[in-house]
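Residue numbers run from 1 in the order of the sequence given. Counting starts at 1 for both ligands and their atoms, following the listed order. What you see is a predicted model; the values in this text were computed from it and never measured.
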Amino acid sequence: MKIISIVGARPQFIKCASVSRELRKTHQEVLIHTGQHYDPEMSDVFFEELEIPKPDYHLGVGSGPHGKQTGECLAKIEEVLIKEQPDLVLVYGDTNSTLAGGLAAAKLHIPVAHVEAGLRSFDRTMPEEINRVLVDHLSDLLFCPTQTAVDNLRSEGITKGVFLTGDVMVDALEYNKEIARERSKILEKYSLTPGKYLILTVHRPSNTDNPDHMEHIIGAIGDCGLLTLFPVHPRTRKNLISFELWDSMPGNIIPCVPLGYLDMLAAMGSAGKILTDSGGVQKEAYLLSVPCITLRENTEWVETVEAGWNVLVGADREKIGAMVREFLPSGGHPDLFGSGASGSIGELVGEYMNGV
Ligand code: UD1
Ligand code: UDP
């Protein structure tokens, strides 16, 4: 069976690494990289570290407004699908590359499988929420990381082809945790003492495109005085410079280029707390048992909040400061995301293809 997998952005490279390994045991996989992320530290580093096969097609779409970026992905993916005639298309997560891939395939009547289906923040101002809802409604196979995701789909009338597989980021983390511990020198590089520093990541437009939000976040961390490693997403860097916040960054914040996955895992694993608006980082904080302060008003990963390991603070300077000082997880640490999903995704894809 020929499967086309479509990736384009940082979290998708990480998610596809382990699924791709499984799929290639029994199927032919053709990999498309849309080129949505293209800086070496946003793309190449993940292919190298995670040993992801070289993409068969690199579409070179790059950055742009939503319509242009999604539209270019759509047109170019369609060409490849027509040429390759796959039996199934696999898409990951909720980016513009995900939407374009799902839409191109569905219009050509090619079955679509969605990894990380059913996630909802119920916030339609997030571009990702639009992408998720649309792709879920186009998909034939929906691989859900959590029961909440299954329930979300059911409440939208989607029950066919839905499977609770657990989360593929568990596979990535488990596979690489020990490798990261052995190979990463990130703590030494930035003189970080385990448990005594924070990690900060910010890239959601609701924060990065709002100067007040960025000022509050940076200000709150400056106030707390704790050493904070800040791997800066290119979008964030660009905006911090244009908001004139870059040069006045408080001295306890160490901005650095986006980290490779191994350095990121090592840095997160030994952090005292993690502050983030990322979806994946919220999950990884939980999996690594590090308290997470989420710089958003809502989250799709509600289980981490319910379990008491994640707290939503938006971009409120007072709340961020208070949580950096006071937040301590309460209660236990239940298994929220399963013990690895790639194997079952590989099998379910096989079963589906045999039944078509
Ligand atoms: C995208 C996804 C988001 C995901 C994030 C992961 C959408 C709508 N958003 O957001 O869901 O959480 O990726 O990181 O698909 N840029 C560079 N170099 C790069 C990539 C981006 O300089 O390699 C800059 C460009 O100025 C670009 C901006 O970052 O305009 C935003 O990039 P884009 O891919 O549009 O969205 P992200 O914010 O990265
Ligand atoms: N990540 C990374 N280096 C960084 C920041 C994030 O390797 O500098 C990893 C992180 O560990 C997680 C994934 O990227 O596995 C999350 O991607 P991102 O935050 O870009 O997107 P989101 O998950 O919000 O869609």
Side-chain angles (χ1 to χ4, degrees), residues 7-18 33-46 49-50 60-70 72-73 91-101 116 119 121 125-132 134-135 145 167-173 175-177 180 184 186 199-209 229-239 241-242 255-269 271 274 276-285 287-288 290 292 294-296 299-301:
V7 294
R10 173 167 68 186
Q12 296 168 330
F13 308 140
I14 295 162
K15 286 166 200 165
C16 97
S18 52
H33 184 329
T34 63
Q36 177 170 350
H37 285 176
Y38 45 86
D39 289 347
E41 61 271 16
M42 294 295 289
S43 175
D44 296 356
V45 65
F46 300 100
E49 284 187 347
L50 304 179
V61 166
S63 302
H66 288 277
K68 184 165 179 288
Q69 188 179 56
T70 313
E72 274 189 33
C73 284
V91 293
Y92 292 87
D94 52 21
T95 72
N96 288 344
S97 299
T98 317
L99 174 60
E116 217 176 70
L119 274 292
S121 63
T125 65
M126 282 182 84
E128 294 82 2
E129 185 75 356
I130 313 277
N131 294 341
R132 290 177 195 129
L134 292 173
V135 172
D167 200 300
V168 293
M169 289 183 83
V170 172
D171 307 59
L173 188 136
Y175 190 88
N176 290 291
K177 208 162 58 172
S184 172
I186 192 81
I199 295 273
L200 168 67
T201 83
V202 192
H203 74 277
R204 296 251 101 81
S206 59
N207 285 324
T208 59
D209 298 2
L229 187 65
F230 179 21
V232 190
H233 188 289
R235 158 187 217 116
T236 315
R237 183 188 164 91
K238 200 169 78 177
N239 288 1
I241 292 170
S242 88
C256 64
V257 292
L259 299 178
Y261 185 61
L262 299 179
D263 279 342
M264 188 65 185
L265 276 189
M268 288 190 295
I274 294 174
T276 192
D277 61 11
S278 157
V281 172
Q282 287 175 66
K283 248 183 309 183
E284 287 166 344
L287 295 169
L288 293 164
V290 178
C292 187
T294 294
L295 306 165
R296 288 173 49 187
T299 181
E300 342 27 89
W301 304 106

Write out the residue and atom name of the closest protein heavy atom to atom 38 (O) of ligand 1, then the distance separating them to 0.1 Å.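 Heavy-atom neighbour on the protein nearest atom 38 (O) of ligand 1: R235 NH1, 2.9 Å.
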
Considering heavy atoms of the protein only, find what lies nearest to atom 27 (C) of ligand 1 and give residue, atom and distance to 0.1 Å.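 Answer for atom 27 (C) of ligand 1: S63 OG, 3.2 Å.
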
Looking at ligand 2, would [X] count as a contact under a 4.0 Å heavy-atom criterion?
X	result
E128	no
M169	yes
R204	yes

Can D209 and R235 be counted as an ion pair, charged N to O under 4.0 angstrom?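 So D209 pairs with R235 through a salt bridge.
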
Relative to the ring of H33, is the ring of F13 parallel (under 30°), tilted (30 to 60°) or perpendicular (over 60°)?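 Rings of F13 and H33: tilted, 30 to 60°.
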
State whether a side-chain donor-acceptor pair under 3.5 Å links T98 with Q12.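 On atom types as modelled, these side chains qualify, holding a pair under 3.5 Å.
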
Minimum non-hydrogen distance to [atom], winning option of [options]:
atom	options	result
atom 8 (O) of ligand 2	T276, D277, L259, T201	L259
atom 17 (O) of ligand 2	G93, P11, P231, C256	P11
atom 10 (O) of ligand 1	H37, R10, H66, R204	H37
atom 22 (O) of ligand 1	P40, G93, P234	P234

